[in-house]
Amino acid sequence: MKFHVLTLFPEMICQGLGTGVIGRALNKNLIALHAVNIRDYTLEKHGKVDDYPYGGGAGMLIQAQPVYDAHRAVCGGRPVRTVYVTPQGRPFDQRLARELAREEELVLLCGHYEGIDERVLEEVVTDRVSIGDYILTGGELAAMVIIDAVARLVPGVLGNETSAQEESFDNDLLEYPQYTRPEVWRDKAVPQVLLSGDHNRIAGWRLEQSLQRTRSVRPQLYERYRQRQSLAKRLSREKRSNIHMMESLARGLGEILYENGDTAAVYLPESRICMACAADGAGGRAILDRMPREAELVVVHQEGLKQLLEETGFQALFSCRQFLYTQRKTLPVRHKDIRLLGMESFAYLCARYEMDGPEYVRERLTSGAVYGAFVEGELAGFIGTHREGSMGMLYVDEAYRRQGLAASLEAYLVNRTLERGFTPYVQVKPDNLPSLQLQEKLGFYQAGPLYWWMERHS
Ligand code: ADE
């Protein structure tokens with residue numbers, strides 16, 4: 001991924017990002033940083049880039065022309081996502097970081113003085129982003145914050161295979177306190193429970209500490225956590241049927257749209273998917289009333305809700321069966337050479353996985369969600385986690401079939417999913433016999449109903 005920063009202080013950007021994890025990623029060419037001095041593009045004498053605001057007021061503004069020309073020089077007419085960092089922007093958070101990390105290139109525009117002439121912002125900027133409700137002297141620190149948070153999501157930057165994919169921002173809870181040696185420091189002892197070796201007790205203590213901290217420091221975050229927990233508990237009464245909704249909540253991908261008794265809807269803003277179940281027609285209508293206009297797909301598993309959606313502008317795209325892996329123990333993986341795939345495998349995947357199109361493949365690869373099986377150094381098949389959390393995209397090249405590669409790929413992804421503390425699940429089309437058999441072989445449970453993926457058509 002390449003970051004271009006348009007700034008009056010390029011050296012500040014290069015120095016600020018040149019060390020630590022990001023510096024290492026730059027040296028390894030996992031990411032690239034291109035700091036551009038806006039002043040180099042002024043047509044005025046003495047490098048002047050600013051002027052007084054029309055209508056009066058304190059301070060100076062950066063003029064449109066040098067910003068426009070610097071942007072043109074960087075993008076050369078290509079449509080590159082361009083973020084203007086400003087206190088007037090959309091708040092930056094982990095979700096936006098994940099979204100930006102899917103871009104191949106990103107321009108960050110840093111303001112100074114009182115800001116930038118609005119006309120050039122209208123021409124070149126796609127997003128206005130603030131890093132918090134306070135005013136900095138310029139946009140450089142904000143741009144560096146964004147680059148740091150986005151770059152660490154680029155596969156390989158954190159230096160481990162598991163990658164930062166699907167980090168849930170810790171389920172809305174703040175981190176618990178941590179301790180290292182010595183056991184006693186200035187008469188303060190490490191909490192006894194951490195020395196007990198009892199992993200369940202330690203996990204319980206940590207959760208309690210996180211809850212206390214969050215409740216006192218971030219009451220709104222705590223409330224959101226509580227609501228999620230309460231819905232998760234209710235959904236767990238029919239865990240097999242509801243695992244798709246439970247997992248989207250647990251992985252921080254979905255937010256609660258509606259909840260009332262046995263009626264519930266979860267919305268995944270990044271993928272524009274809504275997952276819903278309704279006790280009756282009134283519940284279904286309550287969900288429809290709250291469904292965002294931009295929701296493109298709805299996943300349902302009740303005939304009545306499916307019909308209601310069909311009457312209100314949706315049509316069924318396909319149906320599938322749902323299977324989940326309820327055990328905690330990892331599965332044996334016979335095939336040894338399975339690795340995380342990156343964009344170098346884009347063409348290979350596009351030629352074999354056509355269902356969701358090349359943009360989807362790019363997004364999954366850059367999110368670190370796809371693993372490949374290699375035979376004598378050659379890619380022979382792959383599997384991935386879909387953006388809403390289910391495992392899928394499974395494919396093995398004809399020449400390598402009937403050797404257990406599919407089972408190894410799926411077992412491998414089950415193990416990675418368990419490592420992250422999630423429940424592996426898959427959705428399989430009813431006519432895909434080999435896949436149905438594979439789920440049984442690996443010890444998955446089938447959930448009762450059929451699941452319909454409904455698409456908005458009006
Ligand atoms: N520029 C100045 N203050 C800022 C902030 N809080 N966020 C983003 N850009 C800024």
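When a ligand or atom number is given, it counts from 1 through the structure's own listing order.
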Distances for all N or O pairs of ligand 1 and the protein under 3.5 Å?
from	atom 1	to	atom 2	distance (Å)
ligand 1	3 (N)	L136	N	3.0
ligand 1	6 (N)	G132	O	3.1
ligand 1	6 (N)	Y134	O	2.8
ligand 1	7 (N)	I131	N	3.0
ligand 1	9 (N)	T86	N	3.2

- [ ] Flag this pair as yes if the NZ/CZ of R362 is under 6.0 angstrom from the six-membered ring centre of F346 and inside a 45 degree cone about the axis; otherwise no.
- [x] yes

Open item on the list: Parallel, tilted or perpendicular, judged at 30° and 60°: which one describes the rings of W453 and F318?
Closed with: parallel

TODO: Assess the side chains of E388 and S271: does a donor N or O sit below 3.5 Å from an acceptor N or O?
DONE: no

- [ ] Please determine which of K2, H4, H34 meets the side-chain hydrogen bond (donor to acceptor under 3.5 Å, both in side chains) test together with E105.
- [x] H4

Open item on the list: Between E270 and R102, is the salt bridge (charged side-chain N to carboxylate O under 4.0 Å, His left out) condition met? List the steps.
Closed with: CA-CA 11 Å; E270 285 174 64; R102 291 189 210 122; 2.7 Å; yes

Open item on the list: Does anything in residues 25-44 form a salt bridge (charged side-chain N to carboxylate O under 4.0 Å, His left out)? List the pairs, not counting sequence neighbours.
Closed with: none

